[in-house]
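What follows is a set of notes on a single structure, which appears directly below.
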Amino acid sequence: MILTEFPRDLLMTGAIFGVASFVWAGWGQERPPKHWIWRVVLGALSLGGAALAGVSIPAAIRNWGSPTAIVVGGPAFVWYLVIFWLEVLAIVVLAIWARKRKRQDLIAPLVLAIVGIHFLPLAWVFAQPVFAVAGVLVTAAAVVAALVKDEVAARSFWCGILGAPILLGVGVLCATAAFATL
């Protein structure tokens, strides 16, 4: 499931997924259920994401000269850039659409869905099957967040409480595999 041919990429995955977990758990704090335990869980997910990034980033910097699946100027790099900018464009367009429809409650699930969907082609770009698994799980979390009633908690809470652990878990797995390989 996790290919260890490019440990630098796995370290960067740990860093990026750690930051993403931190961000989604933070966005989940928008309006969680009333009980304080939810804020504690989201806080723990944020701290876990920050810790993962804090461990992965220096290791990625130390190993920056090692091989990577995407070489600047190569086809994988071009595909990465295309996918990234398509993701940004889709997020902007969907956020504007949600705002115009007075459905700002859907912005977080729409963004999370785009994030999840973009992992599917990145699995091919980075030659990393675990990205496809992360993509399916994150997209499913976004669908659940979009469909759940938002009286008890904001949809962003559901994105955070469901999406952050997925991102944190996959990030930890990738970073762990990288450290075991180095």
* Structure fact -> Excluding Leu45, membership of its hydrophobic cluster (Ile, Leu, Val, Met, Phe, Trp, Tyr; side-chain heavy atoms within less than 4.5 Å) reads Trp36, Ile37, Trp38, Val40, Val41, Leu42, Leu52, Val144, Val148, Phe157, Trp158, Ile161, Leu162, Leu168, Val172
* Within 6.0 Å of OH in Tyr80, more than 12 heavy atoms from elsewhere -> no
* Quick one: CZ on Arg155 to CH2 on Trp27, what's the gap to the nearest 0.5 Å? -> 13.0 Å
* Point-to-point distance, once rounded to the nearest 0.5 Å, from CD of Glu5 to OG of Ser66 -> 11.5 Å
* What are the two closest non-hydrogen atoms of Ala95 and Ile107, and how far apart are they? -> O-CD1, 4.1 Å
* Check whether Leu112 and Val133 end up in the same hydrophobic cluster, where Ile, Leu, Val, Met, Phe, Trp and Tyr are linked by side-chain heavy atoms less than 4.5 Å apart. => yes
* Asked: Does a side-chain heavy-atom distance below 4.5 Å link Leu10 with Thr4?
  -> yes
* Is any side-chain heavy atom of Gln128 closer than 4.5 Å to a side-chain heavy atom of Asp9? -> no
* Asked: With hydrophobic residues grouped by side-chain heavy-atom distances under 4.5 Å, do Val23 and Met12 end up in a single group?
  -> no
* Measuring from Arg103:CZ to Trp97:CH2, what's the distance to the nearest 0.5 Å? -> 7.0 Å
* **Hphob cluster co-occupancy, Phe179 + Val130, side-chain heavy atoms under 4.5 angstrom** => no
* Joint cluster assignment, Leu137 & Leu122, ILVMFWY side-chain distance < 4.5 Å -> yes
* Asked: Shared ILVMFWY cluster between Val111 and Leu89, side chains joined below 4.5 angstrom?
  -> no
* Would you sort out whether Phe77 and Val71 count as a side chain to side chain contact (heavy atoms under 4.5 Å, CB included), showing the intermediate values? => CA-CA 6 Å; Phe77 182 74; Val71 177; over 6 Å; no
* Determine the minimum heavy-atom distance between Gln29 and Gly43, stating which atoms define it. => NE2-N, 3.7 Å
* Asked: Hey, what's the ring geometry for Phe131 with Phe17, parallel, tilted or perpendicular (30° and 60° as the breaks)?
  -> parallel
* Could you list who else is in Ile57's hydrophobic cluster, with ILVMFWY side chains joined at under 4.5 Å, directly or through other members? => Ile61
* **Nearest heavy-atom neighbours spanning Gly163 and Ala141** => N-CB, 4.3 Å
* Structure fact -> What one should report as the nearest heavy-atom pair of Ala142 and Pro109 is CB-O, 3.4 Å
* **Distance, nearest 0.5 Å, that separates OG of Ser46 from CH2 of Trp24** => 12.5 Å
* To do: Could you pull out the closest heavy-atom pair between Ala127 and Leu3, with the gap in Å?
  => O-CD1, 3.2 Å
* Asked: Rounded to the nearest 0.5 Å, what separation is found between the CG atom of Leu11 and the CD1 atom of Ile16?
  -> 11.0 Å
* Asked: Hey, what do you get for CH2 (Trp79) to CG (Leu81), rounding to the nearest 0.5 Å?
  -> 12.0 Å
* Start with the C-alpha gap between Ile114 and Val88, add the side-chain angles, then the distance that decides, and say whether side chain to side chain contact (heavy atoms under 4.5 Å, CB included) holds. => CA-CA 9 Å; Ile114 296 301; Val88 170; over 6 Å; no
* Asked: Which pair of non-hydrogen atoms, one from Ala53 and one from Ala15, has the smallest distance, and what is that distance?
  -> CB-O, 3.8 Å
* In a check of side-chain contact (heavy atoms from CB on, under 4.5 Å) between Arg8 and each of Leu182, Thr68, Thr181, Thr13, which one passes? -> Thr68
* Inspect the surroundings of CD in Gln104 and state if more than 12 heavy atoms from other residues, nucleotides or ligands are less than 6.0 Å away. => yes
* Flag yes if more than 12 heavy atoms outside Arg31 fall under 6.0 Å of its CZ atom; otherwise flag no. => yes
* Please examine the side chains of Glu87 and Phe119, heavy atoms only from C-beta on, and report whether any two atoms are closer than 4.5 Å. => no
